[in-house]
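Okay, structure first, notes after.
So that the names make sense, note that chain A is the first sequence line, chain B the second, and so on, each numbered from 1.
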2 protein chains.
Amino acid sequence: MTLNTAAVTVDLVLLTIRQGELQVLLIRRGIPPFEGRWALPGGFVLPAEDLDAAAARELREETGLDPSSGHFEQLATYGAPGRDPRGRVVTVAYLALLPDLPAPVAGSDAAGAEWRPAFATGELAFDHGRILADGIERARAKLEYSPLATAFCPPSFTIAELRAVYETVWRTTLDPRNFHRKVTGAENFIEPTGETAIRDRGRPAQLYRRGTATLLHPPLLRP
Amino acid sequence: MTLNTAAVTVDLVLLTIRQGELQVLLIRRGIPPFEGRWALPGGFVLPAEDLDAAAARELREETGLDPSSGHFEQLATYGAPGRDPRGRVVTVAYLALLPDLPAPVAGSDAAGAEWRPAFATGELAFDHGRILADGIERARAKLEYSPLATAFCPPSFTIAELRAVYETVWRTTLDPRNFHRKVTGAENFIEPTGETAIRDRGRPAQLYRRGTATLLHPPLLRP
DNA sequence: GCTATTATCGTCAACATGACGCTAAACACG
DNA sequence: CGTGTTTAGCGTCATGTTGACGATAATAGC
C-alpha cells in the first residue's frame, strides 16, 4: 500500500478583517520541518471523513467557529512531490472568510495561533505562501461577482463598513457615493434592518443585513 | 501506513465541441466496479509526479494532445469516503477545453474512449456525474469573464464560429450583430489575421486568432 | 449656534447594452 | 446575367450603468 498512496491533509486559509487590515490565521510551528516558521492551520483527513468535513473540523478546532459563520469553500489542491520533506503529502486547501471575532481564537487547540497581516506574513512554511496568495486572489475575485463581502461583516452592518471590506481586500479606495448607489441597487445584496447606528462621527447610518442573492447583479468591478 | 493515507488519482473533464454540441470524453469501464458504465478518464498519480503533471500525462495518453493545445486547469478535489467501493480514493479533477481534433483520440491507450454528448451522458460511474456537472458549470462561468472560448476553436476562426461556441456551451442563442460588436470591442480578445474564409454559405468572413487578453473587458454576460 | 464629519441623494457625461434596420459579398438557380 | 438566399459586418436608438463630483442631512464637539 505504499505505491500510489499519499497522506492527505487539509489546510485552511482563514481570512478576516481586524484592525482595518486583512489578516490570516497562522500557526507558529514548534517542530521541524520549518520549525519556528509561520504556517497555515491544517491537519490530516481522518479515514472515514469527507474532505469538507475535515476542513470544517479543523476550522472548529482552530477558531471555535462553524463553517456557516462566514463563507467556506474549497480553494485548490497542492501535491508537488517535494512540498513536504517528510514524504508524499497532498493537501486540499480551503478558504474561509470570517467576521472579526468578538472572542478571538476561543477554544483553539493549536498553541501559537495568531491573526497576522495577510499582505506581510514573511516566508511561510511548505508551499503555504502560494496557497495564501491563491486564497487572497480568490477572495478578491469573488468580491466582484458575489455578495461574499458580507461574510467579513457582523450580522448587521453599515454601508461604510461594507465599503471598508472592499477597500481593505482590494487595497484601494472607492467613492462612497457611487459605492452606496451600487450596493443598494444590486438585487438582494443587502436589505435594510430599519435601524440606524452611530459608528464614529458624523450622521448616523442605516443598518443592513445580508440579502438572499448568491450572485451580484450588476457586479462590483475592481477599479 | 494505512492510517491517514489514501490513493490519489486525477480525473479529467475533457470538453470539446463536435457536431455542433458540447461533448465530453468518456471511457466505458470494462471491469467492476461500475462495469459497463461510462466514466471520466483518469489514473493514479505516480509517486514522484506533481498533480498537474499527472493530469497532463493522462491527457496525452487519452488524446495525444498537449495541455497547451487548449485550456487546462485544476477543477476541484473529491474525497468522500464511499466514493470508490474499493477503498479510500481522493481524486483531483482537471478541466480541459479542447478544439475539435482533426485526428480524434489518436494514440489513446484507453480502449473504449469516446466523445459523448456532455448534456446527456446518462448515469456515470463513481461521482463522475457531479464532477462533470461542476466542470461544465466552471466552463460556462469562465466564458463570461475570460477569453477561453477560443480554446474550443482552431488557431484561426471566424466570429460566427466563436459565437457558436458560446451558444453551444450556454445552450442559448445570441444576436450575431451584438456579439460581433462585443467581441471585436473587447480589448485583445481576438485579432484579425487579415485573411477571409468562406465557411458554408453567404458572405466570406474575416479570420481571427486569439488575442493576448487573459481577462475579458468588458465581459460577455450570459443572457 | 458653528464646524467637522459622515450619510445619503442627485446630476451629468461617457460608455455599454439589447433590439433591430441596412448594406455587402458570396453562392445557387433559372 | 439577374434574382433570391444566406451570412458578414456596420449603424442607430432607447435604456441602463458607470465614474466624477455637487448638494444636503444628521450627528458630535466646541
Check: Can you list the residues that meet the ring pair (Phe, Tyr, Trp, His ring centres under 6.0 Å) rule with Phe126(A), with sequence neighbours excluded?
Finding: Phe34(A), His128(A)

Item checked: Test item: side-chain donor near acceptor, Asp100(A) and Thr16(A), under 3.5 Å -> no

Next item on the list: Starting from P on dT8(C), measure out to CG on Asp175(A) and report it in whole angstrom.
Entry: 14 Å

Residues 166-174 of chain A side chain polar contacts: donor-acceptor under 3.5 Å, at least two apart:
| residue | atom | partner | partner atom | Å |
| --- | --- | --- | --- | --- |
| Tyr166(A) | OH | Leu143(A) | O | 3.0 |
| Glu167(A) | OE2 | Leu174(A) | N | 2.8 |
| Thr168(A) | OG1 | Ala164(A) | O | 2.6 |
| Trp170(A) | NE1 | Arg140(A) | O | 3.1 |

Next item on the list: Quick one, give me the B/S/- string for nucleotides 11-18 of chain C, reading 5' to 3', where B means a protein heavy atom under 4.0 Å from the base and S means that only happens at the primed atoms, P, OP1 or OP2.
Entry: B-----BB

Note to self: I need a per-nucleotide contact map over nucleotides 24-30 of chain C, read 5' to 3'. Cutoff is protein heavy atoms under 4.0 Å; write B for the base, S for backbone only, - otherwise.
What the structure shows: BBB----

Checklist line | Non-hydrogen side-chain atoms of Val13(A) and Leu40(A) separated by less than 4.5 Å | finding: yes

Next item on the list: Could you list by number each residue of residues 153-166 of chain B showing a heavy-atom separation from DNA chain D of less than 4.0 Å, or answer none if no residue does?
Entry: Ala160(B), Arg163(B)

Who are the salt bridge (Lys or Arg N to Asp or Glu O under 4.0 Å) partners of [X], not counting sequence neighbours?
| X | result |
| --- | --- |
| Asp134(B) | Arg130(B) |
| Asp175(B) | Arg177(B) |
| Asp52(B) | none |
| Arg116(A) | Glu114(A) |

Check: Going 5' to 3' along DNA chain D, which nucleotides are the first and last within contact of chain A (any atom under 4.0 Å from a heavy atom)?
Finding: dT18(D) to dT27(D)

Next item on the list: With sequence neighbours excluded, give me every side chain to side chain donor-acceptor pair (under 3.5 Å) pair touching residues 193-208 of chain B.
Entry: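 As it turns out, the side chain to side chain donor-acceptor pair (under 3.5 Å) pairs with a partner in residues 193-208 of chain B, which skip direct neighbours, are Glu161(B)-Arg199(B).
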
Next item on the list: Check whether any side-chain nitrogen or oxygen of His180(A) sits under 4.0 Å from OP1 or OP2 of dA7(C), and answer yes or no.
Entry: no

Item checked: Spacing of CG belonging to Leu12(B) relative to CG belonging to Leu132(B), to within rounding of 0.5 Å ->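 Separation between the atoms: 12.5 Å.
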
Item checked: From Ile159(B) atom CD1 to Arg181(B) atom CZ, the distance as rounded to the nearest 0.5 Å -> 12.5 Å

Please table the atom pairs, donor to acceptor, closer than 3.5 Å between any side-chain atom in residues 212-223 of chain B and protein atoms at least two apart or in another chain.
none

Check: Would you call Arg210(A)-Glu191(A) a salt bridge at under 4.0 Å N-O?
Finding: no

